[in-house]
There are 2 protein chains.
Amino acid sequence: MAVSIKDVAAAAGVSPATVSRALGGGKVSAELRAQVEAAVKQTGYRPNLSARRLRSQEAQTIGLIVADISNPFFTGVARAVEDEAYKAGLRVILCNTDESPEREAMYLQLMEEERVTGVIFSPTRTTVTKLMRHEPGFPVVLIDRAEAGGRHDAVVLDNFAAAQQLVEHLYDRGYRRIIGLFGNASTTGIERHDGYVAAMRHVGLTPEARFIAPSVEAAQHEVAGWFRANTLPEAVIASNGLLLMGAVRALREAGRETPRDLAIAGFDNESWTELTGPGLTVIEQPVAEIGRTAMRLLLERLDEPRAPLRKVVLGGRCMVRGSTAARGAT
Amino acid sequence: MAVSIKDVAAAAGVSPATVSRALGGGKVSAELRAQVEAAVKQTGYRPNLSARRLRSQEAQTIGLIVADISNPFFTGVARAVEDEAYKAGLRVILCNTDESPEREAMYLQLMEEERVTGVIFSPTRTTVTKLMRHEPGFPVVLIDRAEAGGRHDAVVLDNFAAAQQLVEHLYDRGYRRIIGLFGNASTTGIERHDGYVAAMRHVGLTPEARFIAPSVEAAQHEVAGWFRANTLPEAVIASNGLLLMGAVRALREAGRETPRDLAIAGFDNESWTELTGPGLTVIEQPVAEIGRTAMRLLLERLDEPRAPLRKVVLGGRCMVRGSTAARGAT
DNA sequence: GGGGGGTATGAAAACGATTTCAAACATCAT
DNA sequence: ATGATGTTTGAAATCGTTTTCATACCCCCC
């Protein structure tokens with residue numbers, strides 16, 4: 001069917017071995033190399049990657065398994081990972097799990113069957129514990145979410161400190177009754193919750209936390225409930241971009257405004273947070289840096305499989321905008 | 001190294017052929033099948049996809065090459081494609097070109113080397129003409145953007161009609177001086193431009209179109225220029241989500257408001273368009289439907305390679321929001 | 001009881017590349 | 001001139017599957 005290395009060899013009047021060497025950068029006389037290149041051009045030869053991988057036993061491919069491809073945080077990370085991988089001569093298989101443990105398991109198995117070189121992975125809480133049992137046949141670098149035990153390299157945000165920052169900022173601006181909204185699928189939700197609780201206690205306030213599904217709808221429903229029940233707090237902290245959007249939607253639907261009726265702060269500096277109302281105060285994550293670091297950790301791990309585990313913790317930056325203006329200033 | 005089908009065969013006391021048949025759904029006695037399954041479990045066997053693909057000559061994999069993975073339009077399409085592919089037992093390799101013809105060429109070549117079953121592709125204008133020369137070794141379904149000549153199946157929005165709709169809507173609301181902002185990388189920009197011009201002429205207005213790079217920054221810069229030069233129109237139509245965001249940003253930076261100072265309408269019903277200012281009037285594209293249809297066309301093409309070409313044109317829906325409230329109503 | 005027809009199984013070929021190994025040849029020092 | 005050494009090339013083995021082909025077996029019917 002398609003043209004194989006044998007056809008090229010025949011056309012160039014050399015052996016398949018020589019063609020392989022000429023294309024793979026081996027030692028070949030300039031004369032034969034030219035013949036081979038001409039033959040390649042003439043026949044329109046394209047190497048068969050399956051055959052190459054089978055024989056050489058290296059896939060030159062990494063898997064990138066993210067929880068939600070429509071979340072700007074992950075697309076940002078993906079972009080950085082892809083750029084770095086490309087520089088290192090590696091291909092990337094991008095997989096989207098939608099926070100579903102079943103799909104995570106499916107993709108991890110697929111990665112084994114593809115015999116990938118390594119995997120960068122943002123697991124759900126469910127899988128993170130399961131990962132510790134069955135050891136896959138490739139190194140794994142966790143991003144965004146890490147295990148407590150820490151059996152894999154990881155790069156994460158300093159979630160505890162970031163949540164603290166938000167609480168302190170709101171406290172400084174005069175807000176006292178502050179509810180925290182956290183995603184229940186990931187470990188980041190827990191860490192941010194812990195930072196929130198610690199900071200609240202530290203300034204002498206009573207923490208009120210809600211763990212909900214990581215979706216716009218769940219957050220919107222939760223916050224809308226506060227309006228209906230007339231139990232609106234002074235401020236809300238949303239643990240990620242989806243929850244943040246849900247909170248904003250609920251506010252708009254109720255015909256209210258931030259910060260007059262409810263101060264809002266959250267995570268993920270998505271481009272729309274700048275454009276809604278007076279702008280939303282958020283923690284900006286160093287997205288590209290996370291992707292680059294994950295790739296670097298993976299490459300180093302491949303180089304040195306027995307090196308000690310490493311967990312890189314990056315700091316977030318608080319972008320203050322109008323949604324947390326000083327209380328009563330309006 | 002890893003456990004192969006021979007190891008399983010040895011463990012089960014059968015031949016490799018039998019193992020292959022047992023796993024592949026061939027005819028095997030219940031007894032042996034049970035032995036094989038036990039052996040698979042015991043040895044932890046995972047088939048090697050490279051070997052399988054090499055021998056069976058079918059990749060069971062499609063490539064999905066999109067122009068911008070951080071654009072919600074494409075993530076929406078990708079999600080639908082992935083779901084459908086999964087149902088059909090196909091894997092998906094997702095590639096992001098960032099509207100770069102070089103990366104497009106690179107990925108198309110990669111797809112050839114992977115010997116993929118087929119490709120779904122949103123090409124730049126540059127590549128769409130080049131595609132017509134070199135015929136790749138797999139069927140291609142174009143999405144979002146199609147060739148004029150039409151050598152490949154395609155599924156696109158009715159861009160002409162959608163742009164018309166926006167112009168008519170703005171005209172009805174009392175706006176007269178309407179500038180159109182179009183992306184210069186894709187064929188959609190051209191089609192939307194044509195619809196805009198036709199509709200403007202039809203109602204007796206003078207079209208004023210600008211072709212710019214498909215980025216937030218380019219649009220922001222363009223619109224900001226209008227403020228500086230004091231040549232602000234009454235309304236602007238932005239040809240996609242990025243340009244729309246640029247226009248909104250420029251407006252905010254100038255401290256102005258929509259629709260009082262400038263009416264805004266555009267394409268792509270991204271979730272933030274609902275949350276900014278009084279909401280933005282946009283054309284909603286049937287994202288999931290586009291993905292599903294593309295996958296269906298591809299499967300049908302694989303089934304019937306010689307069937308006549310098909311181009312599916314889907315209609316958009318106009319979501320009217322506050323950014324195009326009747327002129328002077330405020 | 002012997003031949004025909006189907007079925008389950010295994011041996012071996014094949015997929016398309018890389019890599020090992022050996023052979024051929026050139027180079028150079030003795 | 002001879003042997004040692006190194007370099008370039010080709011023949012053949014190999015990677016882990018699937019698939020073809022042959023074989024052995026069973027069942028049934030005449």
Side-chain angles (χ1 to χ4, degrees), chain A residues 1-37 39-40 43-61 89 91 109-117 137, chain B residues 1-37 39-40 43-61 89 91 109-117 137:
Chain A
M1 190 64 216
V3 24
S4 86
I5 202 170
K6 282 186 188 171
D7 304 315
V8 178
V14 300
S15 74
T18 301
V19 176
S20 175
R21 281 188 277 254
L23 298 179
K27 307 232 68 167
V28 180
S29 69
E31 189 186 12
L32 290 193
R33 165 160 283 138
Q35 289 178 37
V36 168
E37 276 164 13
V40 165
T43 55
Y45 168 70
R46 294 264 174 275
N48 182 317
L49 286 183
S50 294
R52 174 176 293 176
R53 287 200 266 255
L54 173 58
R55 170 62 232 218
S56 66
Q57 297 289 75
E58 41 191 58
Q60 305 272 59
T61 300
R91 274 168 278 276
Q109 178 170 339
L110 175 62
M111 293 301 109
E112 297 219 50
E113 298 182 354
E114 293 276 8
R115 304 289 195 270
V116 294
T117 314
Chain B
M1 192 64 217
V3 23
S4 85
I5 202 171
K6 283 188 188 170
D7 304 316
V8 178
V14 300
S15 76
T18 301
V19 176
S20 175
R21 282 189 276 255
L23 298 179
K27 309 231 66 166
V28 179
S29 71
E31 189 186 11
L32 289 193
R33 165 161 281 138
Q35 289 178 37
V36 168
E37 276 162 15
V40 164
T43 56
Y45 169 70
R46 294 266 173 273
N48 182 319
L49 286 184
S50 294
R52 171 175 295 176
R53 286 200 267 255
L54 173 58
R55 169 64 232 216
S56 65
Q57 298 288 76
E58 41 190 59
Q60 306 272 60
T61 300
R91 274 168 279 275
Q109 176 169 341
L110 176 61
M111 294 301 108
E112 297 218 49
E113 298 182 355
E114 293 276 6
R115 303 289 192 274
V116 294
T117 314

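In what follows, chains carry the letters A, B, and so on, assigned in the order in which the sequence lines appear, proteins first and then strands, with residues in each chain numbered from 1.
Contact annotation: A:S4 reaches the phosphate of C:dA17 (side-chain N/O to OP1 or OP2, under 4.0 Å). Here B:Y45 does not reach the OP1 or OP2 of D:dG16: none of its side-chain N or O atoms lies under 4.0 Å away. Listed pair B:S29 / C:dT7 fails the phosphate criterion, with no side-chain N or O lying under 4.0 Å from OP1 or OP2. Regarding contacts with the backbone of D:dC15, every side-chain N or O of B:S50 stays at 4.0 angstrom or more from both OP1 and OP2. Proximity of B:Q57 to the phosphate of D:dT17: no side-chain N or O atom is located under 4.0 Å from OP1 or OP2.
Side-chain atoms of B:R52 lie closest to D:dT17 of the nucleotides D:dT17, C:dT18, D:dT9. Here the side chain of B:N48 is nearest to one of D:dT9, C:dG16, D:dT17, namely D:dT17.
The heavy-atom pair separating A:R115 from B:V3 by the smallest distance is NH2-O, 4.3 Å. The minimum heavy-atom distance between B:L23 and B:Y45, with the atom names listed, is CD1-CE2, 3.6 Å. For the residue pair A:L54 and B:S50, the shortest heavy atom distance occurs at N-CB, 4.2 Å. Scanning all heavy atoms of the two residues, the minimum distance from B:P47 to B:R52 falls at CB-NH2, 3.3 Å.
Backbone-only contact: A:L32 has heavy atoms under 4.0 Å from sugar-phosphate atoms and none from a base.
Salt bridge status for B:E114 with A:R46: absent, with no side-chain N to carboxylate O gap under 4.0 Å. Salt bridge absent: B:E113 and A:R91 never bring a charged side-chain N and a carboxylate O closer than 4.0 Å.
One can place NZ of B:K27 at 11 Å from P of C:dT9, the figure rounded to the nearest angstrom. Rounded to whole Å, the distance from CD on B:E114 to P on C:dA17 is 13 Å. The interatomic distance linking B:R33 (CZ) with C:dT7 (P) rounds to 16 Å, in whole Å. Atom P of nucleotide C:dG16 and atom CD1 of A:I5 are separated by 11 Å, given to the nearest angstrom. Here C:dC15 presents its C1' atom at 9 Å from NZ of A:K6, a figure rounded to the nearest Å. Nucleotide C:dT18 holds its P atom 11 Å from the CD atom of A:Q60, rounded to whole Å. To the nearest angstrom, P of C:dT18 lies 12 Å from CZ of A:R53. Atom CG in B:L54 sits roughly 9 Å away from atom C1' in C:dA14 (whole-Å rounding).
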Test side chain to side chain contact (heavy atoms under 4.5 Å, CB included) on A:N48 and A:S4 and set out the steps. CA-CA 8 Å; A:N48 182 317; A:S4 86; over 6 Å; no

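Note on the helix from C:dG1-D:dC30 to C:dT30-D:dA1: angle between the axes of the first and last five pairs equals 60°, rounded to 10 degrees.
When each of B:P47 and A:V14 is assigned the nucleotide of DNA chain D bearing its nearest heavy atom, the one mapping closer to the 5' terminus is A:V14.
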Please write out each protein N/O paired with an N/O of nucleotides 19-28 of chain D under 3.5 Å, distance rounded to 0.1 Å.
from	atom 1	to	atom 2	distance (Å)
D:dT19	O4'	B:R55	NH2	3.2

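Contact check for B:L110 versus A:L49: side-chain heavy atoms found under the 4.5 Å cut-off. Using a 4.5 Å heavy-atom cutoff, the side chains of A:K6 and A:V19 are not in contact. Residues B:V14 and B:V28 have side chains not in contact (no heavy-atom distance under 4.5 Å, counting atoms from C-beta outward).
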